[in-house]
Amino acid sequence: MHKRIEEIYWLRAYGCVAVFLFHLLDHVNQRVDNLATDLMRLPLVLGTPIFLFISVFVFAMRYDKAVPPGFLAQRVKYVMLPYLVYGFIYSTAEWVNLYVTGEPVSFIANAVEYFIFAGWHGYFLIIAMQFYVAYWLFTRWRLWRFNPVPWLWLSCLVSMAYWGTAYWLEVELPGYLLWIAPLGWIYLFFLALALVRYYPFESETQVPDQPAWMRYLSHPVWLGLWVCLLIMASIAGWLQFSSKEVWVIPLFVLFTLVAMRYLKNYPAPGWVRYINRYSFGIYLAHPMFFAITDVLIVPFNLPVAAYVLLLIIIGASGSIMLNKVANTTTTGAMLFGKRLKA
């Protein structure tokens, strides 16, 4: 990479916290479910798209027109191995839970649901792996010769059409197969390529001037207007809150344009870099520690505020400690999620 991209530190920390809090609200909604908790989800739906956007942006900045030998093998090692390890942990825990609650299922059938149908929150790793293959093909076929901007607009329409059509037709597939199809996320791939193409390096590198639309849409007013419309739609009860919604695509594009423009000159402080270091481990492990918290508090009738505080403390500290221990060895890092460099 040409230099440390401060914006990415901010975005990765935001994405990590967003995913963490989105899943925390799933637990809170079992006790409190109202308009306030719905509105809390609005900024949190960006978590998964941020992770996927960064996965392309960073490699495009670092490798540009050619990836090193063994690129895909490294990605399989550090992305798919955690998918298998955590998939086994979560699928086994669910199998035991179903048995204990009197709804036993076949261990194999349950494992297929998790591993083959990606029926757990690690589905994003399958999408990321598809993006890594796509970027490998992008460099191999020298597609960097073409301007990604027209493809960005087309991909936005494709992704919006994909989610809109799927929900309109009420398509139901096993597990999260509907979610891992690349058509719903392809806009993130081309958004990353477009922003790398016009990234304002402070060096002798010749970078094309940013197109007018990029400067125009990166003004916060457009993001603010879209958020206001979404709030009104939320109050009217028209929105479903998920990263897999049509309205998330313009929200994410506007949010990212604003973030990349205004965070460039703000070095990430220590706490942001700390979250970055453990973000992958937190992504993977926090639901496990949320579940442990739920088991621990069964004998107690805790108020909601205390319950939320416990979820945050145990979910965050447990995930970080697990990742610290795992990263004491290379094998542990491969299996449980590699800690990122600060």
Requested in this report: Name all residues meeting the side chain to side chain donor-acceptor pair (under 3.5 Å) criterion together with Asn97; count only those two or more places apart in sequence or in a different chain, and write none if there are none.
Outcome: none
Report task. Tell me, please, which residues at least two apart from His121 pass side chain to side chain donor-acceptor pair (under 3.5 Å). Result -> none
Query raised in the report: Is it true that a side-chain atom of Asn34 and a backbone atom of Thr37 form a donor plus acceptor pair closer than 3.5 Å?
Result: yes
Report task. Before giving the answer on side chain to side chain contact (heavy atoms under 4.5 Å, CB included), spell out for Thr139 and Tyr63 the whole-Å C-alpha distance, their side-chain angles and the decisive distance to 0.1 Å. Result -> CA-CA 9 Å; Thr139 58; Tyr63 300 128; 5.9 Å; no
Query raised in the report: What residues, two or more places apart in sequence or in another chain, satisfy side chain to side chain donor-acceptor pair (under 3.5 Å) together with Tyr123?
Result: Lys244
Query raised in the report: What about Phe131 and Tyr135, are their ring centers closer than 6.0 Å?
Result: no
Query - Closest heavy-atom pair and its distance - Gly315, Phe20 - result: C-CE1, 3.7 Å
Query raised in the report: Does any pair with a residue in residues 311-331 pass ring pair (Phe, Tyr, Trp, His ring centres under 6.0 Å), and if so which ones, sequence neighbours excluded?
Result: none
Requested in this report: Can you measure from CG (Asp64) to CZ (Arg197) and round to the nearest 0.5 angstrom?
Outcome: 11.0 Å
Query - side-chain hydrogen bond (donor to acceptor under 3.5 Å, both in side chains) contacts in which one or both residues fall within residues 211-224, not counting sequence neighbours - result: Ser218-Arg261
Query raised in the report: Trp185 side chain to Trp179 main-chain N or O, any donor-acceptor pair under 3.5 Å?
Result: yes
**Report entry** Results of side-chain contact (heavy atoms from CB on, under 4.5 Å) for Leu98 - residues two or more places apart only
**Finding:** Glu94, Glu103, Val105, Asn110
Side-chain polar contacts of residues 279-291 - donor-acceptor pairs under 3.5 angstrom, sequence neighbours left out - could you list them?
residue, atom, partner, partner atom, Å
Ser279, OG, Asn276, O, 2.9
His286, ND1, Ile282, O, 2.6
His286, ND1, Tyr283, O, 3.2
His286, NE2, His23, ND1, 2.7

Query raised in the report: Got a second to check how far Arg273's CZ is from Trp10's CH2, nearest 0.5 Å?
Result: 10.0 Å
Query raised in the report: How many angstroms lie between atom CG of Leu263 and atom CD of Glu6, to the nearest 0.5 angstrom?
Result: 10.0 Å
**Report entry** Check: Val253 main-chain N/O paired with Thr256 side-chain donor or acceptor under 3.5 Å
**Finding:** no
**Report entry** Residues that Lys77 engages under side chain to side chain donor-acceptor pair (under 3.5 Å), provided they are two or more places apart
**Finding:** Gln74
Query - Ring centroid separation Tyr90 to Tyr114 under 6.0 Å - result: no
Report task. Flag the pair Tyr83 / Trp120 as yes when their ring centroid distance falls below 6.0 Å, and as no otherwise. Result -> yes
**Report entry** Qualifying side-chain hydrogen bond (donor to acceptor under 3.5 Å, both in side chains) pairs, either residue in residues 309-330, two or more places apart
**Finding:** Asn323-Asn327
**Report entry** side-chain hydrogen bond (donor to acceptor under 3.5 Å, both in side chains) pairs, two or more places apart, involving residues 141-168
**Finding:** none
Query raised in the report: According to the ring pair (Phe, Tyr, Trp, His ring centres under 6.0 Å) rule, which pairs have a member within residues 292-341, sequence neighbours left out?
Result: Tyr86-Phe336
Query raised in the report: Taking only residues two or more places apart in sequence or in another chain, which ones pass ring-ring contact (aromatic ring centres under 6.0 Å, His included) with Tyr78?
Result: none
